[in-house]
2 protein chains.
Amino acid sequence: MIVVVFRSRLKTEYAQEYAEVAARIDELAATTPGFLGIKSYAAADGERVSISMFETLEAVRQWREHPEHREAQALGKQRYYSEYRLQVCEVVRDYRHPVAPE
Amino acid sequence: MIVVVFRSRLKTEYAQEYAEVAARIDELAATTPGFLGIKSYAAADGERVSISMFETLEAVRQWREHPEHREAQALGKQRYYSEYRLQVCEVVRDYRHPVAPE
């Protein structure tokens, strides 16, 4: 399994536009083969993190190159984010408590 | 680099005790060789995530087996967390915008 950790800080100017694009992109991600889910969190200092999970690196690659996602990435860089860090990670251990029913 | 993604939900009964133990454990982590940092975030639904970074899997192993951390882990399971999920992940790609000065 692949975990993608995307930390970001938003500029304030495009908050409404960003919210719309982000909602659309989350919807689109959900239709990507091998996509397993996404969840977003915020830190006390305003930094945000979205954690998404994929079955394989190939699924991440396909999602990264989706044309509509590509456009959103460009907007993100130009308009929405003052900074971000994206880490693509391979899961080597995965523990749950209580143990999840499979 | 290793990223550890620890998602959890807290029980309410031990909130004060938990806060003290968690603060102590974060301090202790900072003294662990190979530990690179930790940051915590919360989701709108109350789920929390702590993301920590380590240089190597060996550093993660040493931190996991630190006696005081072991005690805290046992308390976490018994008292503090209604559920958690811990994923130990190897970073395969790491992008920043703007590019970080090294």
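All values below were derived from every heavy atom in this structure, side-chain atoms included, with hydrogens, water molecules and symmetry-related copies excluded. A, B, ... follow the sequence lines: proteins, then strands. Residue 1 opens every chain.
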Listed by number, the residues in residues 20-29 of chain B that come under 4.5 Å of chain A (heavy atom to heavy atom) are none
CD (B:Gln87) and CD1 (A:Ile2) are apart, to the nearest 0.5 Å, by 11.0 Å
When the 4.5 angstrom heavy-atom criterion is applied to B:Ser82 and chain A, the contacting part is backbone
Bottom line for B:Lys77: the part with an atom under 4.5 Å from chain A's heavy atoms is both
Chain B shares the most heavy-atom pairs under 4.5 Å, among A:Ala44, A:Ala43, A:Gly76, A:Ser8, with A:Ala43
- Message: Using the rule that Ile, Leu, Val, Met, Phe, Trp and Tyr join whenever any side-chain heavy atoms are under 4.5 Å apart, tell me whether A:Leu57 and B:Met1 fall into a single cluster.
- Response: no
Q: Decide yes or no for B:Lys39 and A:Asp45: does some side-chain heavy atom of the first lie under 4.5 Å from some side-chain heavy atom of the second?
A: yes
*Indicate yes or no: at least one non-hydrogen side-chain atom of B:Val5 is less than 4.5 angstrom from one of A:Ile51.*
yes
Q.
Are the side chains of B:Tyr41 and A:Glu47 in contact, using a 4.5 Å heavy-atom criterion?
A. yes
Only one of B:Tyr84, B:Phe6, B:Tyr81 passes ring pair (Phe, Tyr, Trp, His ring centres under 6.0 Å) with A:His97, and that residue is B:Tyr84
Check your understanding: Taking 4.0 angstrom as the limit, do B:Arg96 and A:Glu83 come out as a salt bridge?
Key -> no
Whatever's closer than 4.5 Å to a heavy atom in chain A on B:Arg48 counts as backbone
Turns out that what part of B:Val3 lies under 4.5 Å from chain A's heavy atoms comes down to side chain
Give a yes or no on whether B:Phe35 and B:Val49 share a hydrophobic cluster (residues Ile, Leu, Val, Met, Phe, Trp, Tyr; joining criterion: side-chain heavy atoms under 4.5 Å apart). no
Subject >> Single-linkage hydrophobic cluster A:Leu86~B:Val4, side-chain heavy atoms < 4.5 angstrom >> reply: no
task: State yes or no: do B:Leu36 and A:Val92 share one hydrophobic cluster built from I, L, V, M, F, W and Y residues joined by side-chain heavy-atom distances below 4.5 Å, directly or via other members?
output: no
### Task
Kindly indicate whether the side chain of B:Val91, heavy atoms from C-beta on, has any atom under 4.5 Å from the side chain of A:Val88.
no
